[in-house]
Novice: 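Handing you this structure, nothing more for now.
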Amino acid sequence: VFPIGLFQKSKKRVRADPVKIWMIGSDNNEIILPQGYVPLEKNEEVRTCIHKIADMVSSMTIMLMENGDNGDVRIRDELAKKIDVTPNNHMTRKNFIYKIVTDMLVRGNAVVYPETSNKLIENLVIWDMNKVHFEKIGNSYAIRYGVSTFEPDEVLHFPCIPDDDNPFIGRGMISLIEGVITNLNQANA
């Protein structure tokens, strides 16, 4: 004796994937996202990993080295002091490096503009990566920040995980871990 409905098709619950929709509002050009949507870089697990990496790297000493006959020799001059002790006039060295590493991991690139006076570096300014655009020009590239365009040798550009087609542009870690986060969210659900 078989239970009733044993050979009938069962109704499986189909779980819809969250839809990521970006729409531009007509009044103030703000981005509207579905309720409950969290960008990947704001995901708790991702932020924890990024914080751990950026915290470790920002605690390390930066040493300028010079090649010598008997191996590398550490340089101790004003440039080394500027880079390792006071790179930015408005933030600590740790926060400066932390921000660069965070931008590299999340956005794939970090760009720092050296402000100079009398051919000496006065300040290193981290650019907002939302305003930075890379333009391929033949075998090279240009960096556009707002309305100004800069050559690669005018700024400090730090790419993370070079793109296959355009190796001067970094891809960052976010594109690599999207699948991991999806699996984590499904496991948590």
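All values below come from the heavy atoms of this structure, side chains included, with hydrogens, waters and symmetry mates left out. Only a predicted model underlies this, so the values are computations on that prediction, with no experimental measurement involved.
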Novice: Is there a side-chain contact between N109 and V132 (heavy atoms, below 4.5 Å)?
Specialist: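 Answer no - side chains too far apart.
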Novice: Enumerate the residue pairs fulfilling salt bridge (Lys or Arg N to Asp or Glu O under 4.0 Å) with a member in residues 65-76, sequence neighbours excluded, ordered by first and then second residue.
Specialist: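 As it turns out, there is no salt bridge (Lys or Arg N to Asp or Glu O under 4.0 Å) pair with a partner in residues 65-76 once direct neighbours are skipped.
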Novice: Please examine the side chains of Y145 and V111, heavy atoms only from C-beta on, and report whether any two atoms are closer than 4.5 Å.
Specialist: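 Sidechains of Y145 and V111: no contact.
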Novice: Working to the nearest 0.5 angstrom, can you tell me the gap between C49 SG and E44 CD?
Specialist: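 Result: 11.0 Å between the selected atoms.
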Novice: Are any non-hydrogen side-chain atoms of R107 and N130 less than 4.5 angstrom apart?
Specialist: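 Contact flag for R107/N130 side chains = yes.
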Novice: With a 4.5 Å limit on heavy-atom distance, are the side chains of D103 and W127 in contact?
Specialist: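 No, too far: nothing below the 4.5 Å cut-off.
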Novice: Do L124 and F96 make a side-chain contact, defined as non-hydrogen atoms from C-beta onward lying under 4.5 Å apart?
Specialist: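 When only atoms from C-beta onward are counted, F96 and L124 do touch, with a gap below 4.5 Å.
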Novice: To the nearest 0.5 Å, tell me how far D128 CG sits from K99 NZ.
Specialist: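 Rounded to the nearest 0.5 Å, the CG-NZ separation comes out at 6.5 Å.
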Novice: Minimum heavy-atom separation for A80 and D77, please, with both atom names.
Specialist: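 Residues A80 and D77, closest heavy atoms: N-OD1, 2.9 Å.
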Novice: When you group the ILVMFWY residues by side-chain heavy-atom contacts below 4.5 Å and let the links chain together, are I161 and F158 in the same group?
Specialist: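 Yes, because F158 and I161 connect within a single hydrophobic cluster, where side-chain heavy atoms sit under 4.5 Å apart.
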Novice: So, for N166 and D163, which heavy atoms are closest and what is the spacing to 0.1 Å?
Specialist: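 The pair with the smallest heavy-atom distance is N-OD2, 3.1 Å.
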Novice: Could you pull out the closest heavy-atom pair between K94 and S59, with the gap in Å?
Specialist: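 Taking every non-hydrogen atom into account, NZ-OG, 2.9 Å.
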Novice: Under the side chain to side chain contact (heavy atoms under 4.5 Å, CB included) test, which residues partner V57, sequence neighbours left out?
Specialist: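 Residues passing side chain to side chain contact (heavy atoms under 4.5 Å, CB included) with V57: I53, I97, V101.
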Novice: Provide the closest heavy-atom pair for M129 versus A110 in the form atom of the first, atom of the second, distance.
Specialist: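 M129 and A110 have their closest heavy atoms at SD-CA, 3.9 Å.
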Novice: Kindly state each residue pair satisfying side chain to side chain donor-acceptor pair (under 3.5 Å) with at least one member in residues 80-89, sequence neighbours excluded.
Specialist: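 Side chain to side chain donor-acceptor pair (under 3.5 Å) check on residues 80-89 returns D84-R93.
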Novice: Below 30° counts as parallel, above 60° as perpendicular, anything between as tilted: where do the rings of H51 and Y98 land?
Specialist: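 The rings of H51 and Y98 sit tilted, inter-plane angle from 30° to 60°.
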Novice: With a 4.5 Å limit on heavy-atom distance, are the side chains of R47 and T102 in contact?
Specialist: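 Yes, side chains in contact.
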Novice: Is the closest side-chain heavy-atom distance between Y141 and P152 below 4.5 Å?
Specialist: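 Contact flag for Y141/P152 side chains = yes.
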